[in-house]
Structures are given as C-alpha cells and as structure tokens.
Amino acid sequence: MMRIDKFICDAGLAGRREARQLIKAGRIAVNGAAVTDCDFKLTPGTDTVTLDGREMAYRRFHYYVMNKPAGILTATEDRRQPTVADLLPAQARRQGVFPVGRLDKDTTGLLILTDDGDFAHRVISPKSEIKKVYCAEVGGSPTQEDVKAFSGGLTLGDGTKCLPAKLEIIGEHSCLVTVMEGKYHQVKRMLASRGLPVTALKRLSIGGLELGENLGSGECRELSEDELCIVMNKK
C-alpha cells in the first residue's frame, strides 16, 4: 500500500506540497471516486488513479539518458557551477534522479540518471562487466604498443591498477577507449600514462545503449524498458 501523495510524487506530476493541494482540491480520483484525504492509501498497479479525469501512469523507478555538454558538473547540486540536474525537466527533478557514475566537467556524451540505486550500482560495478566506450582526441599519435599496453592492464603513476581495456586507433590523433570500471579521471589518466594527453573526451555508449545522433547536447529523455535491458548487455 502507498499513500496517495507519494504516488503522485513518484509519478513525477508534482512535489509533495503540490500533491497535497491537488488532493485537497478534489482533483484526484481513485477507481473513479474522488479522494480528498492525503492519508488515503492505494495499491499501485491495481488501483486506477486519475488527475482531472486523466489516468496517471506509475513507475517505481525512473530512468533518463542525457547528452551531457561540456562545462557542466555531474552532480545534483552545486552553489557555484551549473550541474546536470539543472538541465533536467521539472518532472525528473521532482523524482530525485541522480547521475549513474560521473563524467568530468569537460567530458561530454552519454549519461544515465535514475532514482534506482540498485540499477546504478550494477551499471557502475566492474563485476557487472558492462562496457563503457569513449572517443578521445589526444595530443600525440597512439600506436600498436599503446593498444597492447591497454589490453594488458595499465598501472598508473600513483600505483593504481586498471583492468584490461581496449584501445582502438581511429585517426592520427583520435582513438576509442573501452573500459569496464570508472576510477577517478580513469580514461584521461590511462591515455596520459602513454604520453597521450586528452584534449577532448566523449562517452559514446554504456553496455548496449548508444548515444546516437537524435539527442542534442544538453537534452535528455526517458529510457524505455527495452533500452534498460540493453544497458545491461555486456557485448
């Protein structure tokens, strides 16, 4: 059982205070009967809830994909600098979604946000073996020796050991990097350790979910059930 005001909040239609106002105004109905008691409880997935006659869909958790632009912090709040939360629609902010992992301030590309902590942990954990692919522009020219070093697992200057990763050369000063972990500044530090300082970095995919070309910089949208499944695809 769930309180009616929490149901409305979870649906992303209003914050707790606004939800209570909607209830008291008689605009909410459950199974066709108006509800004005904020303590009223219902069963999600069984009871039908409407706002002004329109049915409200309920999802326990919420998932979004964003094309993160440069210059934005991967955080939910910051007093001095803009964050990815500032780019979210009001509905997503009310749902309390947070970034799954992080992208550096100047790194762009695919970012998932959710309020599902278990899902976030599974995506981030190296044990899940979910691949994250980045496109990097570097100051230098990657070689086959670099490819070999990545595949063997790098040890960084401070002693940090990285799992075996894939480096694919796609241009004189560009490459694709595939990792299954997310240590601090990892991709940049791995490339720098090979004398390849990163000048631009963009995440292209997480698991089977690709950024694609339909999501503009700074834009976000909800993920479908099918897309959630392919995120967990280890290919």
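Residue numbers start at 1 and run along the sequence shown.
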(message) Any salt bridge linking Asp106 with Lys188? Criterion: basic side-chain nitrogen under 4.0 Å from a carboxylate oxygen.
(response)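 Yes.
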(message) Among residues at least two apart in sequence or on other chains, which ones pass ring pair (Phe, Tyr, Trp, His ring centres under 6.0 Å) with Tyr134?
(response)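 None.
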Is [Y] close to [X] at the side-chain level, that is, under 4.5 Å between some pair of heavy atoms?
| X | Y | result |
| --- | --- | --- |
| Thr107 | Val187 | no |
| Lys131 | Lys166 | no |
| Arg59 | Glu222 | yes |
| Cys175 | Leu191 | yes |
| Gln186 | Val179 | yes |
| Pro69 | Thr108 | no |
| Ser174 | Glu137 | yes |
| Ile206 | Val100 | no |

If you group Ile, Leu, Val, Met, Phe, Trp and Tyr by side-chain heavy-atom gaps below 4.5 Å, do [X] and [Y] land in one group?
| X | Y | result |
| --- | --- | --- |
| Leu223 | Tyr64 | no |
| Ile169 | Met190 | yes |
| Met56 | Met2 | yes |
| Leu204 | Leu110 | no |
| Leu88 | Ile72 | yes |

If you compare all heavy atoms of [X] against all heavy atoms of [Y], which two are closest, and at what distance to 0.1 Å?
| X | Y | answer |
| --- | --- | --- |
| Pro142 | Val138 | CD-CG2, 4.1 Å |
| Leu201 | Ala136 | CD1-CB, 3.7 Å |
| Val231 | Val123 | CG1-CG2, 3.9 Å |
| Arg3 | Cys38 | NH2-O, 3.4 Å |
| Leu22 | Ala14 | CD1-CB, 4.2 Å |
| Ala19 | Cys9 | CB-SG, 4.2 Å |

Would you find a donor on one side and an acceptor on the other, under 3.5 Å apart, between the side chain of [X] and the backbone of [Y]?
| X | Y | answer |
| --- | --- | --- |
| Thr74 | Leu103 | yes |
| Ser128 | Ile130 | no |
| Glu181 | Leu163 | yes |
| Thr76 | Ala85 | no |
| Arg203 | Leu111 | no |
| His62 | Thr114 | no |
| Ser125 | Arg122 | no |
| Lys68 | Asp104 | yes |

(message) Can you pull out every side chain to side chain donor-acceptor pair (under 3.5 Å) where at least one residue sits in residues 12-30? Sequence neighbours excluded, please.
(response)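 Sorted result for residues 12-30: Asp5-Arg20, Arg27-Asp52.
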(request) Would you indicate whether Lys183, at its atom NZ, is surrounded by more than 12 heavy atoms from other residues, nucleotides or ligands within a distance under 6.0 Å? (result)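 Yes, NZ of Lys183 has more than 12 neighbouring heavy atoms, counting only those of other groups under 6.0 Å.
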(request) Applying side chain to side chain contact (heavy atoms under 4.5 Å, CB included), run through Lys132 and Thr178 and close with a yes or a no. (result) CA-CA 6 Å; Lys132 292 85 174 175; Thr178 303; over 6 Å; no
Sequence neighbours left out, cut at 3.5 Å: what donor-acceptor pairs do the side chains of residues 210-220 make with other protein atoms?
| unit_1 | atom_1 | unit_2 | atom_2 | d |
| --- | --- | --- | --- | --- |
| Glu219 | OE1 | Gly216 | N | 2.7 |

N/O donor-acceptor pairs under 3.5 Å from side chains in residues 146-162, not counting sequence neighbours:
| unit_1 | atom_1 | unit_2 | atom_2 | d |
| --- | --- | --- | --- | --- |
| Asp146 | OD1 | Arg194 | NE | 2.7 |
| Asp146 | OD1 | Arg194 | NH2 | 3.1 |
| Asp146 | OD2 | Thr143 | N | 2.9 |
| Asp146 | OD2 | Thr143 | OG1 | 3.3 |
| Ser151 | OG | Lys148 | O | 2.7 |
| Asp158 | OD1 | Thr160 | N | 3.0 |
| Asp158 | OD1 | Thr160 | OG1 | 2.8 |
| Asp158 | OD1 | Arg189 | NH2 | 3.1 |
| Asp158 | OD2 | Thr160 | OG1 | 3.3 |
| Asp158 | OD2 | Arg189 | NH2 | 2.6 |

(request) Sort and list the pairs that fulfil ring-ring contact (aromatic ring centres under 6.0 Å, His included) and have at least one residue in residues 2-46, not counting sequence neighbours. (result)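 Every ring-ring contact (aromatic ring centres under 6.0 Å, His included) pair that includes a residue of residues 2-46, provided the two are not neighbours, is Phe7-Tyr58.
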(request) Can you tell me which residue pairs pass the ring-ring contact (aromatic ring centres under 6.0 Å, His included) test with a partner in residues 98-124, sequence neighbours excluded? (result)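 Qualifying pairs, neighbours excluded: Tyr63-Phe119.
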